[in-house]
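Before any comments, here is the structure.
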Amino acid sequence: MDTTDLDPLLLDPTRLSIVSLLAATHWAEFGWVRDAVTMSDSALSKQITNLTKHGYVEVEKGYVGKRPRTWLNLTDSGRRALQGHIEALQRIAAQSQQTGETYAPSSPKPD
């Protein structure tokens, strides 16, 4: 089974959830992402820093009125990484399904 196309960064379910959520949005507000993936501010911030360092997410800071806000966006690189990762997962699932369907046990199931 070939797993070379899996993105190591997206093997973590938390980062995969964040990237998948951002793929369906354009410039999502940090608080909304935090609530959607049910994380604390500090935990989400740490994951966003990691994703930003790898070029998957971009961050914009600004104000709404006098209140500071942070917005997050999935980069084109992040979208490609997510798409490639999903395709690799689908291939793994399809290969495993195909292998399972061709399985013929050499002895009957024990009682």
Side-chain angles (χ1 to χ4, degrees):
M1 186 173 318
D2 183 19
T3 60
T4 57
D5 291 335
L6 289 174
D7 187 309
L9 193 63
L10 299 180
L11 289 174
D12 178 276
T14 302
R15 287 190 293 269
L16 180 59
S17 296
I18 294 165
V19 171
S20 296
L21 181 65
L22 291 176
T25 65
H26 186 70
W27 289 108
E29 201 272 321
F30 182 93
W32 179 80
V33 175
R34 175 201 60 218
D35 294 345
V37 296
T38 61
M39 297 181 76
S40 68
D41 285 354
S42 61
L44 178 58
S45 181
K46 182 184 259 187
Q47 296 298 338
I48 293 301
T49 298
N50 198 0
L51 290 165
T52 300
K53 181 173 61 173
H54 286 86
Y56 288 13
V57 172
E58 55 187 328
V59 178
E60 282 281 325
K61 293 183 181 273
Y63 289 87
V64 174
K66 293 184 178 185
R67 301 187 78 152
R69 291 286 186 254
T70 301
W71 292 274
L72 309 171
N73 189 47
L74 190 63
T75 64
D76 290 340
S77 176
R79 287 182 194 283
R80 285 190 302 274
L82 176 62
Q83 185 63 37
H85 189 74
I86 290 170
E87 288 171 1
L89 289 171
Q90 289 171 333
R91 277 192 305 278
I92 291 167
Q95 288 170 355
S96 295
Q97 179 72 30
Q98 188 176 36
T99 300
E101 289 171 354
T102 62
Y103 174 68
S106 57
S107 60
K109 179 182 118 183
D111 291 329

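We use all heavy atoms of the structure for the numbers below, so side chains are in, but hydrogens, waters and symmetry mates are not.
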Look at the side-chain heavy atoms of Ile, Leu, Val, Met, Phe, Trp and Tyr, link any pair under 4.5 Å apart, and say whether Val37 and Val19 land in one connected group. yes

Looking at residues at least two apart in the chain, or sitting in another chain, which of them share a side-chain contact (heavy atoms from CB on, under 4.5 Å) with Ala36? Leu21

Ala23 and Leu82: which non-hydrogen atoms are nearest, and at how many Å? CB-CD2, 3.7 Å

To the nearest 0.5 Å, what is the distance between CG on Leu22 and OG on Ser17? 10.5 Å

Pairs in or reaching into residues 12-23: which pass salt bridge (charged side-chain N to carboxylate O under 4.0 Å, His left out), with residues at least two apart or in two chains? none

To the nearest 0.5 Å, what is the distance between CG on Asp5 and CD on Gln90? 12.5 Å

The complete set of salt bridge (charged side-chain N to carboxylate O under 4.0 Å, His left out) pairs with one or both residues in residues 93-102, sequence neighbours excluded, reads none

Under a 4.5 Å cut-off applied to non-hydrogen side-chain atoms, are Leu11 and Leu16 in contact? no

Using the side-chain contact (heavy atoms from CB on, under 4.5 Å) criterion, which residues pair with Arg69? Sequence neighbours excluded. Glu29, Val64, Arg67, Trp71

Which residue pairs pass the side-chain hydrogen bond (donor to acceptor under 3.5 Å, both in side chains) test when at least one of the two sits in residues 18-28, sequence neighbours left out? none

Per the salt bridge (charged side-chain N to carboxylate O under 4.0 Å, His left out) rule, what does the pair list look like for residues 72-81, sequence neighbours excluded? none

Applying salt bridge (Lys or Arg N to Asp or Glu O under 4.0 Å) to Asp41 and not counting sequence neighbours gives Arg34

Just to verify, what does Thr99 make a side chain to side chain donor-acceptor pair (under 3.5 Å) with, not counting sequence neighbours? none

Can you give each donor-acceptor pair under 3.5 Å made by side-chain atoms of residues 50-62, sequence neighbours left out, with the distance rounded to 0.1 Å?
unit_1: Asn50; atom_1: OD1; unit_2: His54; atom_2: ND1; d: 3.3
unit_1: Thr52; atom_1: OG1; unit_2: Ile48; atom_2: O; d: 2.7
unit_1: Thr52; atom_1: OG1; unit_2: Val57; atom_2: O; d: 3.4
unit_1: His54; atom_1: ND1; unit_2: Asn50; atom_2: O; d: 3.0
unit_1: Tyr56; atom_1: OH; unit_2: Asp7; atom_2: OD2; d: 2.4
unit_1: Glu58; atom_1: OE2; unit_2: Asn73; atom_2: ND2; d: 2.9
unit_1: Lys61; atom_1: NZ; unit_2: Thr70; atom_2: OG1; d: 3.4

Which residues pass the side-chain contact (heavy atoms from CB on, under 4.5 Å) test with Ser42, not counting sequence neighbours? Ser40

dist Leu72:CG -> Ile18:CD1 (nearest 0.5 Å) comes out at 8.5 Å

Treat each ILVMFWY residue as a node, draw an edge where side-chain heavy atoms are under 4.5 Å apart, and state whether Leu6 and Leu10 are in one component. no

